[in-house]
Amino acid sequence: MPKKVVAGDKNRFDDLPDDLLRRILYFLPGDDAMQTCVLDTRWREIWRRTTRLSFVYDGWSFPTCERFHQLVKLIIQLRENSPLTYCQINPFTDDVENCIRFARTRFTRTEQLMEYVLECRVEQLVVCPGDNYHDKTLSLQYGLISRYLRTIDFELVDFEGSSLDFSDCPALEELTMRGCNFYVCRIVSESLKHLQLIEFCSFPEDYRIQIYAPRLISLRLGSLDGIAFDGFRGLTPLLEKMPLLETAFVTIAGMCSDSCGSKREDFNDPSCTCCDDNCVLLNGLSNAVHLKLTAQPKMFIYRWDLAWCPIFGKLKTLVLNEWFTATDLVCILQHSPVLKKLTLQFDNTENFVGATISQKTIEQPIVCACLLVVEIGCREVDQGVRKILKILSICGIHDKQISIKNRRWHWDSMMFL
């Protein structure tokens with residue numbers, strides 16, 4: 001018969017491997033995980049070597065900010081500079097009473113905490129506000145310095161200074177910024193591969209931020225899901241060349257400051273003052289393999305950029321909504337020689353009713369011989385859709401290549417097929 005273990009003879013956790021104990025600590029809140037240090041020296045050492053930390057002040061687990069500050073101080077004292085792979089920091093204020101009284105938030109200790117986790121060689125850093133501070137922002141005026149940091153996720157952070165430069169983070173590959181405010185002239189990173197500026201980020205209204213990320217592979221600018229009425233505030237950023245870019249989703253919507261004030265919506269109209277001295281987006285996106293470009297019709301940036309005649313030499317899949325004109329569509333097809341799939345999504349086709357194409361435009365050859373499929377999503381096949389079909393026919397696209405889907409029952413998602 002198997003011998004029964006007498007209660008109290010042995011701690012049930014003693015036979016568990018370190019990896020499993022580490023897994024248990026992973027699911028515990030920060031203060032509960034730290035309290036396991038009192039069990040024995042083995043638990044203490046395992047806790048000290050844990051590579052994931054969360055400093056989350058939620059207002060429920062801690063009766064006061066000061067109690068949370070004490071916990072953070074104790075954690076740092078016990079862990080010292082033990083390496084981290086992941087850390088989440090929910091910004092907490094230095095003085096809640098002053099925040100309420102003077103309607104401002106100070107996050108000095110949060111900045112010190114960020115410096116600490118960077119000293120711990122953290123690889124993935126998440127900085128986002130707790131529920132109590134949904135209307136506050138953390139202001140950062142200094143650059144990050146780390147040879148180990150690979151991923152950053154910022155939410156509701158104000159960036160100030162002449163440049164947001166990540167040159168001192170040579171391993172940084174993924175950067176996500178949600179609802180952040182930018183008071184800088186440039187965003188710079190030589191190493192960045194994936195960039196997201198989403199959930200109503202705010203850019204300056206009196207100048208364009210330049211984005212320099214020559215190794216970028218994917219870009220998402222605007223809303224997370226690509227819905228045309230989301231986007232960003234302020235002037236559209238100017239994208240510098242991205243020779244390695246593969247995928248880009250860009251949404252320009254109503255809160256963007258780039259809207260055409262001309263009644264004729266004609267850049268040659270003297271009353272139109274929306275023109276820029278540079279190609280803002282499309283030159284930077286010209287090396288993409290997959291593009292989704294959505295905008296509200298009054299947003300002129302794509303149309304203005306097409307006047308610079310960028311060549312999309314690698315573009316294979318393209319998704320557009322109703323921002324373009326007939327001439328714009330022909331221009332895109334003329335400058336996309338390897339395009340295989342074109343998706344057009346329409347909620348309103350009034351802009352295409354009575355659309356015409358100049359003889360000069362159609363005299364240029366259409367070289368997209370690789371185009372296999374054109375998908376049109378619309379509410380109904382109205383006069384505007386028929387005009388689009390006629391334009392596609394002029395461009396040499398046959399009926400058998402075109403698929404029309406009723407968007408009342410079908411929504412072609414963001415994914416490129």
Side-chain angles (χ1 to χ4, degrees), residues 150-153 164-167 169-178 182 186-198 201 203 208-226 231-232 235-252 256 258 276 278-295 299 301-321 323-324 328 331-343 368 370-371 413-417:
R150 296 182 179 275
T151 303
I152 304 176
D153 192 332
L164 181 56
D165 193 340
F166 293 95
S167 299
C169 299
L172 182 64
E173 295 186 349
E174 298 185 20
L175 175 61
T176 299
M177 299 183 175
R178 310 170 191 270
F182 297 89
R186 297 188 79 199
I187 299 175
V188 178
S189 175
E190 293 274 1
S191 61
L192 201 61
K193 294 182 179 180
H194 308 282
L195 174 62
Q196 295 190 96
L197 302 171
I198 55 178
C201 286
F203 303 113
R208 296 193 190 281
I209 288 181
Q210 293 181 316
I211 298 179
Y212 176 70
R215 298 182 182 273
L216 208 64
I217 295 175
S218 70
L219 170 68
R220 190 183 293 272
L221 174 60
S223 67
L224 181 61
D225 52 13
F232 53 84
L235 291 176
T236 306
L238 190 152
L239 303 182
E240 300 187 28
K241 278 291 185 181
M242 301 174 179
L244 305 180
L245 189 66
E246 295 181 2
T247 303
F249 300 158
V250 181
T251 297
I252 304 176
C256 172
D258 290 308
D276 203 286
N278 298 290
C279 186
V280 178
L281 288 175
L282 296 187
N283 267 348
L285 301 175
S286 61
N287 288 293
V289 179
H290 309 288
L291 273 180
K292 180 161 187 174
L293 306 175
T294 60
M299 301 297 139
I301 286 295
Y302 298 138
R303 296 179 55 203
W304 164 250
D305 280 1
L306 286 174
W308 294 79
C309 297
I311 304 296
F312 302 97
K314 302 176 183 177
L315 189 62
K316 293 184 178 179
T317 63
L318 175 64
V319 180
L320 307 173
N321 70 336
W323 59 263
F324 60 89
D328 296 331
C331 179
I332 291 171
L333 294 177
Q334 288 171 338
H335 294 87
S336 306
V338 298
L339 186 65
K340 291 186 176 181
K341 181 179 179 181
L342 173 65
T343 301
C368 54
C370 299
L371 188 61
S413 68
M414 283 285 296
M415 300 303 295
F416 292 105
L417 303 179

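Sequential numbering from 1 along the given sequence is applied to the chain's residues.
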Any non-hydrogen side-chain atom of [X] less than 4.5 Å from a side-chain atom of [Y]?
X	Y	value
Ile332	Leu320	yes
Gln210	Val188	no
Phe166	Ser191	no
Leu293	Leu281	no

Exercise for the section: Quick one: sort the Tyr302 and Trp323 rings into parallel, tilted or perpendicular, breaks at 30° and 60°. Expected result: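 Tyr302 vs Trp323 ring planes: tilted.
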Handout entry: Leu342 side, atom CG; Thr317 side, atom OG1 - distance, nearest 0.5 Å
Key =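 Here the interatomic distance stands at 10.0 Å.
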Exercise for the section: Would you give the length of the straight line joining atom CZ of Phe232 to atom CD1 of Ile252, rounded to the nearest 0.5 angstrom? Expected result: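 Going from CZ on Phe232 over to CD1 on Ile252, the span is 5.0 Å.
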Problem - Side-chain H-bond candidate by donor/acceptor type, Ser286 with Lys241, under 3.5 Å - result: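 The criterion, which ignores hydrogens and geometry beyond distance, is satisfied for Lys241 and Ser286.
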Problem - Thr247 and Ser218: side chain donor to acceptor below 3.5 Å - result: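 No - no donor-acceptor pair under 3.5 Å links their side chains.
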Taking all non-hydrogen atoms of both residues, which atom of [X] and which atom of [Y] are closest, and how far apart?
X	Y	value
Arg220	Ile198	CD-CG2, 3.7 Å
Asn278	Trp304	O-NE1, 3.2 Å
Ile311	His335	CD1-CD2, 3.0 Å

Check for a donor-acceptor pair, side chain of [X] on one end and backbone N or O of [Y] on the other, with a separation under 3.5 Å.
X	Y	result
Asn287	Leu245	no
Ser189	Leu192	yes
Asp305	Leu282	yes
Arg208	Thr236	yes

Handout entry: For Ile217, side chain to side chain contact (heavy atoms under 4.5 Å, CB included) partners two or more places apart
Key =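 By the side chain to side chain contact (heavy atoms under 4.5 Å, CB included) rule, Ile217 matches Lys193, His194, Glu246.
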Practice task
Dump the intermediate steps for side-chain contact (heavy atoms from CB on, under 4.5 Å) on Leu216 and Ile211, then the final yes or no.
Solution key: CA-CA 11 Å; Leu216 208 64; Ile211 298 179; 5.8 Å; no
